[in-house]
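Since the structure comes first, as structure tokens, the remarks are kept for the end.
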Amino acid sequence: MGKKVVVISTSIRANSNSEVLATSFAEGAKSSGNDVTLISLKGKNIEFCKGCLACQKTGNCVIKDDVQEIMDKVLNADVVVWATPIYYYEMSGQMKVLIDRMNPMFSKDYKFREVYFLATAAEDEEYVYEKALSGLNGWIDCFEKAELAGHLFCGGVTMGGEIDGNPKIQEAYDMGAGITHS
């Protein structure tokens with residue numbers, strides 16, 4: 001039986017380049033016999049964290065929106081994949097808001113051990129996504145049994161769909177296909 005893989009596409013733009021990478025990764029993971037769930041934040045209601053810290057006492061957030069359902073899937077996944085466009089050398093705001101809102105996970109048991117990061121940006125220098133990767137590593141550091149298993153950056157894509165035909169799509173597929181059952 002394959003691993004449970006949750007791929008979170010944080011872009012809310014139509015024909016998103018980062019979502020193309022997320023979808024390709026998901027297809028690769030499925031091809032290796034894994035149970036894959038692709039979550040898009042398009043149309044999701046995700047409010048800002050209020051900083052009340054009630055979740056530290058109750059294990060649940062006081063805000064009733066779409067985050068709880070996403071969080072439940074992440075908690076029960078073996079592999080978590082984050083895909084984001086890079087804005088101003090950082091992860092998308094909606095990715096950061098979701099990470100902040102998943103604060104109730106901190107005190108709960110979690111299954112994921114492998115985390116992957118996929119990013120796209122208009123600029124193509126390697127340093128363009130380093131701050132976003134550093135931000136994700138901050139989240140991973142809070143889950144001691146998990147580690148960054150891989151990351152992929154595709155620069156030079158600005159408008160939606162510009163990634164079409166880019167070899168990074170195949171790299172994302174291959175990365176997903178590399179998730180093994182052991």
Side-chain angles (χ1 to χ4, degrees), residues 1-12 16 18-19 21-22 25-26 29 34-120 129-153 172 175-176 178-182:
M1 185 170 150
K3 291 182 178 178
K4 277 192 175 178
V5 180
V6 171
V7 181
I8 304 169
S9 174
T10 68
S11 178
I12 55 176
S16 160
S18 61
E19 190 160 287
L21 289 184
F25 187 105
N34 296 294
D35 176 11
V36 181
T37 302
L38 177 61
I39 299 169
S40 171
L41 297 192
K42 288 184 196 129
K44 295 280 192 282
N45 178 22
I46 300 174
E47 295 182 30
F48 292 112
C49 176
K50 298 179 187 329
C52 68
L53 298 179
C55 62
Q56 297 302 296
K57 295 182 184 101
T58 66
N60 294 300
C61 185
V62 298
I63 302 169
K64 304 303 175 206
D65 59 9
D66 293 327
V67 172
Q68 186 63 50
E69 182 182 349
I70 295 168
M71 193 164 44
D72 289 343
K73 289 177 179 165
V74 170
L75 281 167
N76 291 300
D78 299 304
V79 178
V80 179
V81 183
W82 292 91
T84 185
I86 299 297
Y87 300 148
Y88 298 103
Y89 303 99
E90 252 297 1
M91 68 181 72
S92 66
Q94 52 273 20
M95 178 173 163
K96 179 64 170 119
V97 170
L98 179 58
I99 284 175
D100 291 349
R101 283 291 311 289
M102 293 198 312
N103 197 44
M105 287 177 41
F106 187 71
S107 60
K108 295 184 178 189
D109 192 22
Y110 58 95
K111 293 182 180 172
F112 60 91
R113 299 297 181 261
E114 299 170 54
V115 180
Y116 289 83
F117 180 63
L118 310 170
T120 58
Y129 77 108
E130 288 175 359
K131 290 176 185 163
L133 181 58
S134 177
L136 180 61
N137 274 323
W139 180 76
I140 296 168
D141 287 347
C142 294
F143 298 95
E144 294 177 359
K145 295 180 275 186
E147 66 179 7
L148 181 67
H151 54 91
L152 178 67
F153 172 65
M175 188 178 281
I179 295 174
T180 59
H181 305 186
S182 56

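Because the structure is predicted, anything quoted here is derived from the model rather than measured. All residue numbers in this chain count up from 1 along the given sequence.
At least one donor-acceptor pair under 3.5 Å links the side chain of Gln94 to the backbone N or O of Thr10. Remark: side-chain polar atoms of Thr84 are paired, donor with acceptor, to backbone N or O of Ser92 under 3.5 angstrom.
Scanning both residues, Leu21 and Ala119, for their nearest heavy atoms gives CD1-O, 3.9 Å. When all heavy atoms of Tyr87 and Gly93 are compared, the closest pair comes out as CD1-N, 4.4 Å. Between Cys61 and Pro104, the shortest heavy-atom contact is N-CG, 3.9 Å.
For Asp65, the salt bridge (Lys or Arg N to Asp or Glu O under 4.0 Å) partners two or more places apart in sequence, or in a different chain, are Arg101. Considering only residues two or more places apart in sequence or on other chains, Ser16 meets the side chain to side chain donor-acceptor pair (under 3.5 Å) condition with Ser11, Ser18. Under the side-chain contact (heavy atoms from CB on, under 4.5 Å) criterion, Ala26 pairs with Val7, Val36, sequence neighbours left out. Residues passing the side chain to side chain donor-acceptor pair (under 3.5 Å) test with Ser40, sequence neighbours excluded: Glu19. In this view, Phe117 satisfies the ring pair (Phe, Tyr, Trp, His ring centres under 6.0 Å) rule with no residue, not counting sequence neighbours. With sequence neighbours left out, the ring pair (Phe, Tyr, Trp, His ring centres under 6.0 Å) criterion links Tyr110 to Phe112, Phe143. Under the rule for a salt bridge (Lys or Arg N to Asp or Glu O under 4.0 Å), the partners of Lys96 that lie at least two apart in sequence or sit in another chain are Asp100. Not a single side chain to side chain donor-acceptor pair (under 3.5 Å) links Thr120 to another residue, sequence neighbours left out. For Lys44, the salt bridge (Lys or Arg N to Asp or Glu O under 4.0 Å) criterion is met by no residue, not counting sequence neighbours.
Counting only residues at least two apart or in different chains, side chain to side chain donor-acceptor pair (under 3.5 Å) contacts with residues 137-148 comprise Asp109-Lys145. Here salt bridge (charged side-chain N to carboxylate O under 4.0 Å, His left out) pairs that include residues 70-90, with residues two or more places apart or in two chains, are Glu69-Lys73.
Taking 4.5 Å as the limit, some side-chain heavy atom of Ile179 sits within range of a side-chain heavy atom of Phe25. Residues Tyr129 and His151 form a side-chain contact, since some pair of their non-hydrogen atoms from C-beta on lies under 4.5 Å apart. Considering only heavy atoms from C-beta on, Ile86 stays 4.5 Å or farther from Met91 through its side chain. Residues Ile39 and Val74 have side chains not in contact (no heavy-atom distance under 4.5 Å, counting atoms from C-beta outward). Using a 4.5 Å heavy-atom cutoff, the side chains of Lys108 and Leu75 are in contact. Taking 4.5 Å as the limit, every side-chain heavy atom of Val80 sits out of range of all side-chain heavy atoms of Tyr116. Side-chain contact between Lys4 and Thr37 is absent, with no heavy atoms from C-beta onward closer than 4.5 Å. Here the side chains of Leu136 and Ile140 are in contact, with some heavy-atom distance below 4.5 Å.
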Q: Show your working on side chain to side chain contact (heavy atoms under 4.5 Å, CB included) between Val5 and Val81 and close with a plain yes or no.
A: CA-CA 8 Å; Val5 180; Val81 183; 4.1 Å; yes
Q. Could you go step by step and tell me if Leu148 and Glu114 meet the side chain to side chain contact (heavy atoms under 4.5 Å, CB included) rule?
A. CA-CA 6 Å; Leu148 181 67; Glu114 299 170 54; over 6 Å; no
Q: Would you check, one step at a time, whether the test side chain to side chain contact (heavy atoms under 4.5 Å, CB included) holds for Val6 with Val79?
A: CA-CA 6 Å; Val6 171; Val79 178; over 6 Å; no
Which atom pairs, donor and acceptor, lie under 3.5 Å between side-chain atoms of residues 45-55 and protein residues at least two apart or in another chain?
none

